[in-house]
Amino acid sequence: MNVSNLIVIHLASTPLAIVSNGIDLELSFTQTMQGLGLSPQVAHIIWLPLPMLLVLVAALVGVLVTVWLERKISAAAQQRIGPEYAGALGILQPMADGLKLLVKEDIIPAKADSLLFTLGPVLVLVPVILSWLIVPFGQNLLISNVGIGIFLWISLSSIQPIGLLMSGYASNNKYSLLGGLRAAAQSISYEIPLALSVLAVVMMSNSLSTVDIVAQQTGAGVLSWNIWRQPIGFVIFWICALAECERLPFDLPEAEEELVAGYQTEYAGMKFALFYLGSYINLVLSALLVSVLYLGGWGFPIPIESLANLINQPINSPLIEVIAGSIGIVMTILKAYLLVFLAILLRWTTPRVRIDQLLDLGWKFLLPISLVNLLFTAALKLSFPSAFGG
Amino acid sequence: MTIAASTELICFVILSGVIITGGLGVILLRNIVYSAFLLGGVFMAVAGLYLLLNASFVAAAQILVYVGAVNVLILFAIMLVNKKEDLKPIKGLQVRRLLSGGVCAGLLALLIRVDLTTPWPVPGPKAIGEKATERIGEHLFTDYLLPFELASVLLLMAMIGAIVLARRDVLLTDVGTGDSVDQGLIEKPISPLLIDKSKS
């Protein structure tokens, strides 16, 4: 195997006892292409960019929806109406925002370092989009079932602070530099409890792959979700994910009252839009990963198998497979957007913490708690191997 | 040549080019901030080489540790102390540069000689791919346990040292003797770190 295999949709999914293999889109696509008289290699090359494009489009549409939700929910929280003229219920407002940013003048300050100034936002956005590689929407519905799965996300998200430091430094502005430094400090501090709480989940599923983590949570529907086995880990992960996304109550790097807008102060037009996109894609990604790690991913609250038995259909029949696949996608997105709703509500109802409170919370509270959680999980795994994935 | 093999070759050439030019940039550029950012790029390219060797866990760990932690901390330190002032001219800078260049060239020659004279088994051992994570864990907890623990002790010592240097207002008296200790390191550079016993 080499790099090209890493970006290929995983063909041979691990056969699982309970979960059916589901739909394999790549196989049917290559077979159709070969039916048209193309060689398997050419069919494979035509297939390669399709899932990536699909996920990229899904991520961008997810951002548009999230921006609209944020505007509407914040309006409701402040007893306003919010956007209402652009499309029904203002649903085209995010498009209008995006278009506005697209045609705005791209300003680079005279004394800024133009190379680093341009590279910074790119370095912030690219790792976030790359992390969508591992988000599963179904048994075979992900770009790549890499073995290191969730670890890839953790390591990719550690590249982000470099981009933030770069743009903070290149802006040649004290507020930007302070914002960049704060962002880096915050993301380093909260990465450790985040990784430790992920480690507890990985310990229970014996695998780093996101597909295996979800597969381990299927069986008894809502009862087998990780949130019941890892309630502390769930809370730690959610807090750390919010801190990594720099959402209120942890948006210290761009605290308006203190730092103007942190590392984004000097940015305008499309470069600012890259930061904006990056933060919202990251929010949706974090919500998706919370649902994968703790809320059973694409699993329906009642096991699909028992539903299929109820209407006397074999689980492998084409109709049931299509329905199960659609339910999987809908469930993943539904869970993720419930969490996004929670994050937006938190943003508009909580005050910002101070920088010392933030670092105290990270190092003196979350880190010890997550270590204890890890030890506790290990002990439970040894004593009750059947319930905690021995 | 198949598509996979040619992709691999192209990736290898690009990554090696990035590593060599980036490495040269790290040591030759005058602006220390550029050097630090380039170092991050070099680390990423090395991670890419690990990916080519089908060691995805090592690649991800390389990014997490070197790019995410080491390089960010280097940048952090540079940006906190960067005052944008010219360095003092050092005597005999050219001679020093030539000497260090000579040492580096000698090292390069040595490595190339080792590379050419060693009988490398071609093709090398087969990569185990996805199972590598488990294998690394097994090794860390069995035959590499001692080096692993020693490395953690080293890190612990470094951490304690950093805390002692940073929190210099804590210990006002020597723990052993009870004498007062001056730990004002930065404000008063003249005062000694350890108690001078010869005076009393």
Side-chain angles (χ1 to χ4, degrees), chain A residues 1-8 10 14 41-42 44-45 48 113 115-116 119-120 123 126-127 130 144-166 168-170 172 177-178 180-185 187-188 191-192 195 202 206-209 212, chain B residues 2-12 14-15 31 33-34 36-41 43-44 47-80 82 84 126-134 136:
Chain A
M1 210 185 86
N2 49 44
V3 168
S4 62
N5 283 30
L6 268 177
I7 21 181
V8 173
H10 203 67
T14 43
Q41 269 195 346
V42 178
H44 184 65
I45 289 174
L48 266 181
D113 191 323
L115 180 68
L116 295 183
L119 207 57
L123 268 184
V126 169
L130 269 183
S144 168
N145 184 9
V146 276
I148 53 165
I150 200 81
F151 188 52
L152 183 75
W153 170 63
I154 292 177
S155 69
L156 279 177
S157 68
S158 74
I159 299 177
Q160 240 191 340
I162 291 209
L164 299 177
L165 276 174
M166 198 181 265
Y169 169 80
N172 202 4
L177 183 59
L178 280 175
L181 288 176
R182 273 191 183 183
S187 110
I188 291 177
E191 204 145 84
I192 302 165
V202 167
N206 295 318
S207 170
L208 287 162
S209 151
D212 291 352
Chain B
T2 59
I3 297 172
S6 51
T7 321
E8 215 174 315
L9 188 70
I10 294 169
C11 287
F12 176 73
I14 293 175
L15 286 173
N31 189 340
V33 178
Y34 279 173
F37 281 126
L38 264 182
L39 189 63
F43 286 150
M44 300 264 272
L49 276 189
Y50 288 142
L51 263 191
L52 270 187
L53 292 171
N54 200 8
S56 46
F57 183 82
V58 183
Q62 160 91 8
I63 291 181
L64 181 69
V65 174
Y66 283 93
V67 181
V70 174
N71 199 40
V72 167
L73 284 179
I74 290 175
L75 280 169
F76 216 83
I78 290 173
M79 286 184 184
L80 281 179
N82 191 13
K84 291 198 173 163
K126 208 171 177 304
I128 50 172
E130 309 277 276
K131 290 195 195 75
T133 317
E134 285 168 37
I136 290 169

So do the side chains of B:Y34 and A:L116 get within less than 4.5 Å of each other, counting heavy atoms only? yes

Output for pair (B:E134 CD, A:N206 CG), nearest 0.5 Å, gives 8.5 Å

Scanning both residues in full, the closest heavy-atom pair of B:A61 with A:F151 reads N-CE2, 3.7 Å

Mark yes when over 12 heavy atoms from residues, nucleotides or ligands other than B:Y66 sit less than 6.0 Å from its OH; otherwise mark no. no

Checking heavy atoms, do the side chain of B:F37, its backbone, both or neither come under 4.5 Å from chain A? side chain

Closest non-hydrogen atom pair, B:F76 against A:A184: CE1-CB, 3.8 Å

Locate the shortest heavy-atom distance separating A:S158 from B:I63; write the atom from each residue and the value. OG-O, 3.8 Å

Go through A:L123, A:L181, A:L177, A:L208 and name the one with the most non-hydrogen pairs under 4.5 angstrom from chain B. A:L181

Kindly give the heavy-atom pair with the smallest separation between A:I148 and B:A60, and that separation in Å. CD1-CB, 3.8 Å

Before you tell me yes or no, could you show the steps for A:E191 and B:L64 under side-chain contact (heavy atoms from CB on, under 4.5 Å), namely the whole-Å CA-CA distance, both residues' side-chain angles and the distance that decides it to 0.1 Å? CA-CA 10 Å; A:E191 204 145 84; B:L64 181 69; 4.0 Å; yes

Contacting moiety of A:A195, where chain B heavy atoms sit under 4.5 Å: neither

Flag side-chain contact, heavy atom, 4.5 Å: A:M166 against B:L75: no

Heavy-atom pairs under 4.5 Å with chain B - which of A:D113, A:I154, A:L152 has more of them than the others? A:D113

